[in-house]
2 protein chains.
Amino acid sequence: MEVGYSVWDWKPQRNRDITIYQQILEYLERRIFYGELSPGSRLPSERQLARYLGVNRSTIISVYQELEAKGLVEAFKRQGTYVCTRLDSGRKQSLLWHRYMKENSIPPNLSLYRRVQEEAQNDRCINFTGDLLEPLFPHDPLSDVIAENRFTESLKYEHPQGHLPLRQTISEHMKKYYNMDVTSSSVLVTSGAQQSLYLITHSLLHPGDAIAVEKPSYFCSLPLFQSAGLRLFPLSVDEHGVHPEEVEELYRKHRIQMVFLNPTYQNPTGYTLSLQRRKELLKVCSTFRIPIVEDDPFSLLAPEPVAPPLKAMDPYGLVLYIGSLSKVVASNLRVGWLIGPQEIMDRLGDVRQQMDYGLSIFPQWVAHLFLSSSHFHSHVHELQLALQRRKQLLVTLLQQHLGQYVTFHPPHGGIHLWCQIKHPVQDIKLLEAAIRKKVLYMPGSVYGAKDGHARFTFSRPYEEEMEEGVLRFKKALDIL
Amino acid sequence: MEVGYSVWDWKPQRNRDITIYQQILEYLERRIFYGELSPGSRLPSERQLARYLGVNRSTIISVYQELEAKGLVEAFKRQGTYVCTRLDSGRKQSLLWHRYMKENSIPPNLSLYRRVQEEAQNDRCINFTGDLLEPLFPHDPLSDVIAENRFTESLKYEHPQGHLPLRQTISEHMKKYYNMDVTSSSVLVTSGAQQSLYLITHSLLHPGDAIAVEKPSYFCSLPLFQSAGLRLFPLSVDEHGVHPEEVEELYRKHRIQMVFLNPTYQNPTGYTLSLQRRKELLKVCSTFRIPIVEDDPFSLLAPEPVAPPLKAMDPYGLVLYIGSLSKVVASNLRVGWLIGPQEIMDRLGDVRQQMDYGLSIFPQWVAHLFLSSSHFHSHVHELQLALQRRKQLLVTLLQQHLGQYVTFHPPHGGIHLWCQIKHPVQDIKLLEAAIRKKVLYMPGSVYGAKDGHARFTFSRPYEEEMEEGVLRFKKALDIL
């Protein structure tokens, strides 16, 4: 089964107590409201949509008329029906630009995800989504290293693989924390893990290529896999990670070209691939010569590592390693790195030049200063302790208040905790109920899980509000 | 005629005094050496290449054998012939990775361009390519604003359109220097003009779309237009810029979807679109509803502007404006911006999130501090004077030493001067001769011009070495 997301995958239900017309109308209103059908995008023709949904064309005609009456869409003779732009900048301009807003190779962000983002910006909810609460970031030490070091770097274009002093510092960092031997020429500095993934998916893979991803997975939430035209095949995840034999099976069936993994304190489950499975996985991938992309943003986020990175165990040169400072230093520092064969780094560096001409010197300067200062180690130590305390608090609160509602495996480290809700529940309904009760979590379906899962990020809310947040979530479950 | 670049567009010549075999061998060696046939890329089959070049298959077989003997390619039974990786990391690993290095949607940078880049790094030549000599950048004022302002910004993810204080500062900047009224919600901060172009070409246009670009043009040198699958149609450029009636013609013939222009002190010609033609162009584009992408990196680089930006003259909402600090503040600051309809900025911001999750706070903080300080205005003033002096110097030197060899129109501002060489000359030969004489310029064919043009960037060499550079170029012309 392929993991797919399309607005038009949905179907109205015949035996519900609201009419088909009403269901379709509400569904489209929601898609438009959530931005999934973006301003300026064209709706399918009435005939097409009737066919997709298996209903009469006359029903769709009525739905479109109603949407137009509500000012949500606009119909143009012989051109079709378009979603209105929210800021009404005049019909003429919208006519000019909407043809450039049609769905193209890069689809818009997912609806539930956007809904959560919107709500998070309003700041009305206790928030268990996102990454780290600001006070966990090293504001003072960062400001200090900037203030203590006069900026004297060159202002010319950088080397395509990034600022050399930073690449050297990253090499030392990998040695110190992971006992990994890499030279600066195997390091490509990127604007965080997102750009690393974009570079890999858009320049090493081809449209139509099959890849394996964990399910659930952060990767499933990324439209960039779609925009690269990749076919995603799921690897099931339990509390010890993926099953190496499934990789072999997918290779035999679909000739998968790469395996994408977040093996340590995985997003969204918090699970860690066991040492035994790491070894088996490397063996399988070596046998079938399948490269592994190892996304590793969290492994510093526990006092004791569970297992070394795959890259550190890889004698075959199979692993492209993605590191990042987003969860350890600051989200908007936007510094990450790729480690892999030099020829691949060279190629990706060249592609990156064409996208943005490389990363600014300033975040590279700051990252280099901070990583090579003594501040870094003590910051990481403090952060680890804070996260352990928060994790333990959330585990206790969930056991205390939600023991009858959810099951979960406490993660060893990282920032996420994954719950399965015992009773059947629709993600979209639970999310709306939670928002009404003023608590935010991330619905599992954003990551390709079946409905009825929730990701809680314990690094995000204030500790003082965590209990209230859990109680609000309980209320949301109760009103469903 | 479409502007196209393919390694295989080339043909050996029958009446030259070296054999067809030798010509093909040399051609392929060069392509490999210049990185145009990148390590790991697959050569056409012997049969295919024989057909492309119109020669016997046996000739190609011999060429491939010779290349293999030289260690430049490797042939694998039933898999084809591959360009060797320069760093020989073992045949097994290269077998693993080279299938990921095949030419895919994002092609490698152009060969002549790469050749110049390589040579520029060696620093053996007097260099008339690139952008600004480091001392022209505002090192001290930049370091000062950083030292004088403690960093206290948030470390959370930024707004998808960029740091609000910077967007406000950019609005004020556009008002002050161009009398343009834009709100911060119409501004998208990008990682420089390159990213702005990438976003436009990859998310507002579709593969197969026709667009118009100046010829010669910087845009022609950008593989990103190719990677977006666009069909490029040329607008001829004279010393007053493009001809608006050609835009109409291209629209009627090819239904062009956008016009890409660098109207002020154009790269590579230094020419400026006249006020009269600006008006006509806007009228034509308004009539046919063709959006214009206005790339404007240079317009601050002359004491008196020749004409306002198209965006400032545009009552129709047709223009997407691309601004950048790369040529005015620092290349590796990597701060630029897009200005356009809010809905388009919103869409592009969303796409950008998927590419790199936005720009780091640090360059945005620095750009905001510097643009809103009094340092900026005095820096721009000094830079303008320095560039005028350098331009005048180059004009004088060219008239004095190369009057019989080249013709040119002195530019009003900017950093580039465009020469036409009076005698017929092959760009690749002239470039190699110049490199032998230790002077670097940019061959016109990089920008889609016919052979026999040269772009001199007068902002790049030291003033003291400019005369020697011009004399060396003269020697290169003499030995051809």
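Just so you know, these numbers come straight off a predicted model, no measurement behind them. Naming: A, B, ... by sequence-line order, numbering from 1 per chain.
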Under 4.5 Å, counting heavy-atom pairs only, tell me which of [options] racks up the most with chain A.
options	result
B:S196, B:A330, B:S360	B:S360
B:T152, B:L199, B:L333, B:V335	B:L333
B:Q195, B:H163, B:E148, B:E134	B:E134
B:F362, B:W365, B:F137	B:F362

Let me know if [X] has heavy atoms under 4.5 Å from chain A in its side chain, its backbone, both or neither.
X	result
B:E153	backbone
B:L142	side chain
B:D140	both

Are a donor atom and an acceptor atom from the side chains of A:S185 and A:T183 found within less than 3.5 Å of each other?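 Per modelled atom types, A:S185 and A:T183 side chains form a pair under 3.5 Å.
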Would you say the side chains of A:R334 and A:S326 form a donor-acceptor pair under 3.5 Å?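 Indeed, the side chains of A:R334 and A:S326 share at least one donor-acceptor pair under 3.5 Å.
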Evaluate B:M345 against B:L320 for side chain to side chain contact (heavy atoms under 4.5 Å, CB included), listing each step before the verdict. CA-CA 10 Å; B:M345 298 303 103; B:L320 292 182; 4.0 Å; yes
Which residues pass the salt bridge (charged side-chain N to carboxylate O under 4.0 Å, His left out) test with A:D144, sequence neighbours left out?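 For A:D144, the residues satisfying salt bridge (charged side-chain N to carboxylate O under 4.0 Å, His left out) (neighbours in sequence not counted) are B:R150.
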Look at the aromatic rings of A:F225 and A:F219 and report parallel, tilted or perpendicular, splitting at 30° and 60°.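 A:F225 vs A:F219 ring planes: perpendicular.
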Side chain to side chain contact (heavy atoms under 4.5 Å, CB included) partner of B:L188, chosen from B:R347, B:Q342, B:Q161: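 The residue from B:R347, B:Q342, B:Q161 that satisfies side chain to side chain contact (heavy atoms under 4.5 Å, CB included) with B:L188 turns out to be B:Q161.
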Any idea which of A:P138, A:A147, A:S191, A:G130 has the most non-hydrogen atom pairs under 4.5 angstrom with chain B?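 Top option by heavy-atom pairs under 4.5 Å: A:S191.
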